Amino acid sequence: MSTHRTDVRPVRKEITFSHDEWEQSRELYNLVKGGRGYATYMKFARDMLMHGSVHTVRVTTDPATFRPDIARIGNNINQIAHTANATGAITDEQAAELIEGMDRIRAILLDLHHDYTQAVTEGWH
(Lines give C-alpha, C1' and ligand atoms only; values in the text may rest on other atoms or scores of the structure.)
Protein backbone atom coordinates (compact mmCIF):
# COMPACT_ATOMS: atom_id res chain seq x y z
CA MET A 1 0.00 0.00 0.00
CA SER A 2 1.53 3.30 -1.05
CA THR A 3 1.34 6.57 0.80
CA HIS A 4 -0.28 9.27 -1.29
CA ARG A 5 0.56 12.93 -1.02
CA THR A 6 -2.87 13.59 0.53
CA ASP A 7 -2.18 11.02 3.27
CA VAL A 8 0.95 12.87 4.37
CA ARG A 9 -0.47 16.38 3.93
CA PRO A 10 -4.25 16.19 4.06
CA VAL A 11 -4.81 19.96 4.46
CA ARG A 12 -5.07 21.75 1.14
CA LYS A 13 -5.17 25.56 0.77
CA GLU A 14 -5.41 27.76 -2.29
CA ILE A 15 -3.49 30.98 -2.87
CA THR A 16 -4.02 33.50 -5.63
CA PHE A 17 -1.57 35.92 -7.23
CA SER A 18 -1.76 38.94 -9.49
CA HIS A 19 0.23 38.49 -12.69
CA ASP A 20 3.06 40.63 -11.27
CA GLU A 21 3.08 38.77 -7.96
CA TRP A 22 3.18 35.43 -9.76
CA GLU A 23 6.08 36.58 -11.94
CA GLN A 24 8.03 37.75 -8.87
CA SER A 25 7.31 34.48 -7.10
CA ARG A 26 8.43 32.39 -10.09
CA GLU A 27 11.61 34.49 -10.44
CA LEU A 28 12.46 33.87 -6.80
CA TYR A 29 11.74 30.16 -7.18
CA ASN A 30 13.96 29.96 -10.26
CA LEU A 31 16.79 31.70 -8.39
CA VAL A 32 16.79 29.30 -5.45
CA LYS A 33 15.40 26.01 -6.73
CA GLY A 34 18.66 24.35 -7.73
CA GLY A 35 20.72 25.37 -4.72
CA ARG A 36 18.07 24.42 -2.20
CA GLY A 37 16.88 21.23 -3.88
CA TYR A 38 13.37 22.44 -4.65
CA ALA A 39 12.15 19.99 -7.27
CA THR A 40 8.69 21.55 -7.25
CA TYR A 41 7.19 24.97 -6.70
CA MET A 42 4.91 23.42 -4.07
CA LYS A 43 7.88 22.40 -1.88
CA PHE A 44 9.40 25.86 -2.30
CA ALA A 45 6.13 27.63 -1.38
CA ARG A 46 5.56 25.37 1.64
CA ASP A 47 9.11 25.99 2.87
CA MET A 48 8.69 29.75 2.47
CA LEU A 49 5.42 29.70 4.41
CA MET A 50 6.88 27.55 7.17
CA HIS A 51 10.24 29.31 7.53
CA GLY A 52 9.45 32.78 6.28
CA SER A 53 12.59 34.05 4.58
CA VAL A 54 14.82 33.70 1.58
CA HIS A 55 18.38 34.90 1.35
CA THR A 56 19.70 35.13 -2.17
CA VAL A 57 23.42 35.66 -2.52
CA ARG A 58 24.78 36.73 -5.87
CA VAL A 59 28.54 36.55 -6.02
CA THR A 60 29.78 39.34 -8.22
CA THR A 61 32.91 37.52 -9.35
CA ASP A 62 32.23 34.85 -11.94
CA PRO A 63 34.50 31.84 -11.26
CA ALA A 64 34.45 31.01 -14.98
CA THR A 65 36.66 34.04 -15.64
CA PHE A 66 39.44 32.41 -13.60
CA ARG A 67 39.22 28.97 -15.23
CA PRO A 68 41.79 29.70 -17.98
CA ASP A 69 44.28 31.07 -15.41
CA ILE A 70 43.82 28.11 -13.10
CA ALA A 71 44.08 25.65 -16.03
CA ARG A 72 47.30 27.28 -17.24
CA ILE A 73 48.80 27.27 -13.75
CA GLY A 74 47.69 23.66 -13.26
CA ASN A 75 49.34 22.64 -16.54
CA ASN A 76 52.60 24.29 -15.49
CA ILE A 77 52.51 22.57 -12.11
CA ASN A 78 51.79 19.21 -13.78
CA GLN A 79 54.74 19.65 -16.18
CA ILE A 80 57.08 20.47 -13.31
CA ALA A 81 55.75 17.51 -11.29
CA HIS A 82 56.28 15.23 -14.29
CA THR A 83 59.87 16.47 -14.61
CA ALA A 84 60.46 16.00 -10.88
CA ASN A 85 59.10 12.44 -11.04
CA ALA A 86 61.18 11.59 -14.11
CA THR A 87 64.46 13.12 -12.94
CA GLY A 88 64.10 13.09 -9.16
CA ALA A 89 64.75 16.85 -8.93
CA ILE A 90 63.61 20.28 -10.06
CA THR A 91 65.54 23.46 -10.69
CA ASP A 92 65.35 26.56 -8.50
CA GLU A 93 63.51 28.26 -11.37
CA GLN A 94 60.91 25.46 -11.47
CA ALA A 95 60.50 25.63 -7.68
CA ALA A 96 59.94 29.39 -7.92
CA GLU A 97 57.41 28.82 -10.71
CA LEU A 98 55.55 26.30 -8.53
CA ILE A 99 55.42 28.72 -5.62
CA GLU A 100 54.30 31.57 -7.89
CA GLY A 101 51.57 29.38 -9.40
CA MET A 102 50.30 28.26 -6.02
CA ASP A 103 50.33 31.87 -4.77
CA ARG A 104 48.29 32.93 -7.81
CA ILE A 105 45.73 30.16 -7.20
CA ARG A 106 45.55 31.16 -3.53
CA ALA A 107 44.96 34.81 -4.53
CA ILE A 108 42.19 33.81 -6.94
CA LEU A 109 40.47 31.70 -4.28
CA LEU A 110 40.82 34.47 -1.69
CA ASP A 111 39.24 36.94 -4.14
CA LEU A 112 36.32 34.57 -4.68
CA HIS A 113 35.95 34.05 -0.93
CA HIS A 114 36.07 37.79 -0.28
CA ASP A 115 33.39 38.48 -2.91
CA TYR A 116 31.18 35.71 -1.50
CA THR A 117 31.61 36.92 2.10
CA GLN A 118 30.86 40.50 1.11
CA ALA A 119 27.75 39.45 -0.84
CA VAL A 120 26.48 37.38 2.10
CA THR A 121 27.11 40.20 4.59
CA GLU A 122 25.44 42.84 2.40
CA GLY A 123 22.54 40.56 1.53
CA TRP A 124 21.68 39.69 5.15
CA HIS A 125 21.51 43.13 6.74
Side-chain angles (χ1 to χ4, degrees):
M1 182 175 192
S2 66
T3 302
H4 295 293
R5 183 171 49 189
T6 55
D7 294 339
V8 176
R9 292 190 173 91
V11 178
R12 184 177 180 95
K13 297 295 177 184
E14 182 178 322
I15 184 170
T16 59
F17 295 93
S18 70
H19 291 291
D20 289 341
E21 291 168 338
W22 176 245
E23 185 58 35
Q24 289 175 8
S25 180
R26 291 295 296 181
E27 284 177 15
L28 180 58
Y29 169 65
N30 287 328
L31 279 173
V32 301
K33 70 180 175 182
R36 298 277 186 174
Y38 294 122
T40 64
Y41 182 85
M42 186 177 357
K43 181 169 178 7
F44 162 74
R46 184 174 38 253
D47 204 31
M48 292 303 100
L49 288 169
M50 299 301 295
H51 302 290
S53 67
V54 173
H55 300 281
T56 303
V57 177
R58 290 188 181 130
V59 179
T60 56
T61 304
D62 181 8
T65 61
F66 297 113
R67 261 189 214 113
D69 288 338
I70 291 174
R72 182 184 46 77
I73 294 166
N75 286 335
N76 290 347
I77 290 171
N78 284 338
Q79 288 173 358
I80 294 169
H82 178 74
T83 300
N85 286 331
T87 65
I90 60 172
T91 66
D92 289 342
E93 183 181 286
Q94 289 171 321
E97 191 176 337
L98 279 173
I99 292 168
E100 182 183 317
M102 293 304 294
D103 286 346
R104 178 69 183 131
I105 289 174
R106 186 177 296 109
I108 289 169
L109 293 175
L110 285 172
D111 285 346
L112 288 171
H113 180 267
H114 175 263
D115 287 350
Y116 173 79
T117 303
Q118 185 176 359
V120 168
T121 302
E122 290 173 1
W124 287 15
H125 281 289

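All values below were derived from every heavy atom in this structure, side-chain atoms included, with hydrogens, water molecules and symmetry-related copies excluded. Quantities reported herein were computed from a predicted structural model and do not represent experimental measurements. Residue numbers run from 1 in the order of the sequence given.
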Enter the distance from [X]:[atom1] to [Y]:[atom2] here, rounded to the nearest 0.5 Å.
X	Y	atom1	atom2	answer
Ile70	Arg67	CD1	CZ	8.5 Å
Asn75	Ile80	CG	CD1	11.0 Å
Gln94	Thr91	CD	OG1	3.5 Å
His82	Thr87	NE2	OG1	9.5 Å
Leu110	Ile105	CG	CD1	12.0 Å
Asp47	Met42	CG	CE	13.5 Å

Legend entry - Minimum heavy-atom distance between Ile90 and Ala84, given as atom pair plus value: CG2-CB, 3.3 Å

For atom [atom1] of [X], is the number of surrounding heavy atoms from other residues, nucleotides or ligands below 6.0 Å larger than 12?
X	atom1	value
Glu27	CD	yes
Arg46	CZ	yes
Glu21	CD	yes
Asp92	CG	no

Legend entry - 4.5 Å side-chain heavy-atom contact, Asn76 and Arg72: yes

Inset, instruction - Examine Tyr38 and Ile15 and state if one hydrophobic cluster contains both, with Ile, Leu, Val, Met, Phe, Trp and Tyr joined whenever side-chain heavy atoms are less than 4.5 Å apart. - result: yes

Legend entry - Results of ring-ring contact (aromatic ring centres under 6.0 Å, His included) for Tyr41 - residues two or more places apart only: Trp22, Tyr29, Phe44

